Structure formats: C-alpha cells, structure tokens
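This chain uses plain numbering: 1 for the first residue, then up along the sequence. Quick caveat, the model's predicted, so the values are computed rather than measured.
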Amino acid sequence: YKGKIISYQRIVDDPEDVILEIIYHLKQYGFDIETNPADIQDFISKYSIKNDLDYQLSNNEKKFFNKNLDESIKSYLNLDY
C-alpha cells in the first residue's frame, strides 16, 4: 500500500500544505512534478474547499441508517430518526 490518507478537515484548514505533501508523496514514487507556488495558489483559489458539510439525508437514507446501524453508533453520531 503506497497511498496517502488525507483528512477532509486538513484540506479545509491548510490546503497549500496538503497539496505540497501530495506532490512530494508522488515525487517519492517517481513522478516528475514541478512545485510552483503560484500554480498551487491559483489551484486553491479556483477550487477552494469550504467547510460547509450541511448535508440533508433523504428519507431513504435515514431509513437505511436506522435499520442497519447499531444503536451505539447512532447514539455516537446523534442520529435521532
């Protein structure tokens, strides 16, 4: 396994650092990629990731979770439906 796990919160909090880590990770495995700070800033400004995870579950999703998740998990995630 040579993948890299990146948390969503890290991408939101520090996108430039995360992108640089990804580039250096790829360089470790033989990819010849330039690191141009201006390109990274341009990418971040074009494709900014916002911390707005206000997702509404459909009734079918709620039913699925209610039927398939253990009570302790539902309690931990505050799923009251």
Exercise. May I ask you to decide whether Asp42 forms a salt bridge with Lys46, counting only side-chain N to carboxylate O separations under 4.0 Å?
Key: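 Salt bridge between Asp42 and Lys46, a charged N being under 4.0 Å from a carboxylate O: yes.
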
Quiz item: If only atom types and distance count, is the side chain of Lys74 paired as donor or acceptor with the main-chain N or O of Asn66 below 3.5 Å?
Solution: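 Such a contact is found between Lys74 side chain and Asn66 backbone.
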
Rounded to the nearest 0.5 Å, how far does [atom2] of [Y] lie from [atom1] of [X]?
X	Y	atom1	atom2	answer
Tyr29	Lys4	OH	NZ	9.5 Å
Ile40	Glu34	CD1	CD	11.0 Å
Ile23	Asp39	CD1	CG	9.0 Å
Ile33	His25	CD1	NE2	10.5 Å

Quiz item: Ile22: what forms a side-chain contact (heavy atoms from CB on, under 4.5 Å) with it, not counting sequence neighbours?
Solution: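 side-chain contact (heavy atoms from CB on, under 4.5 Å) list for Ile22, sorted by chain: Ile6, Val18, Leu26.
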
Quiz item: Residues in side-chain contact (heavy atoms from CB on, under 4.5 Å) with Tyr24, at least two apart?
Solution: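 So Tyr24 forms a side-chain contact (heavy atoms from CB on, under 4.5 Å) with Leu20, Lys27, Thr35.
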
Practice problem: State which residue, out of Asp13, Ile19, Asp14, fulfils the side-chain contact (heavy atoms from CB on, under 4.5 Å) condition with Asp17. | Solution: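 Filter result, single survivor: Asp14.
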
Quiz item: Around Gln28, counting heavy atoms of other residues, nucleotides and ligands shown, do more than 12 lie under 6.0 Å from its CD?
Solution: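 Enclosed.
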
Self-check item: Short side-chain donor-acceptor distance under 3.5 Å, Asn60 and Ser58
Solution: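 Looking only at side-chain atoms, Asn60 and Ser58 do not form any donor-acceptor pair under 3.5 Å.
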
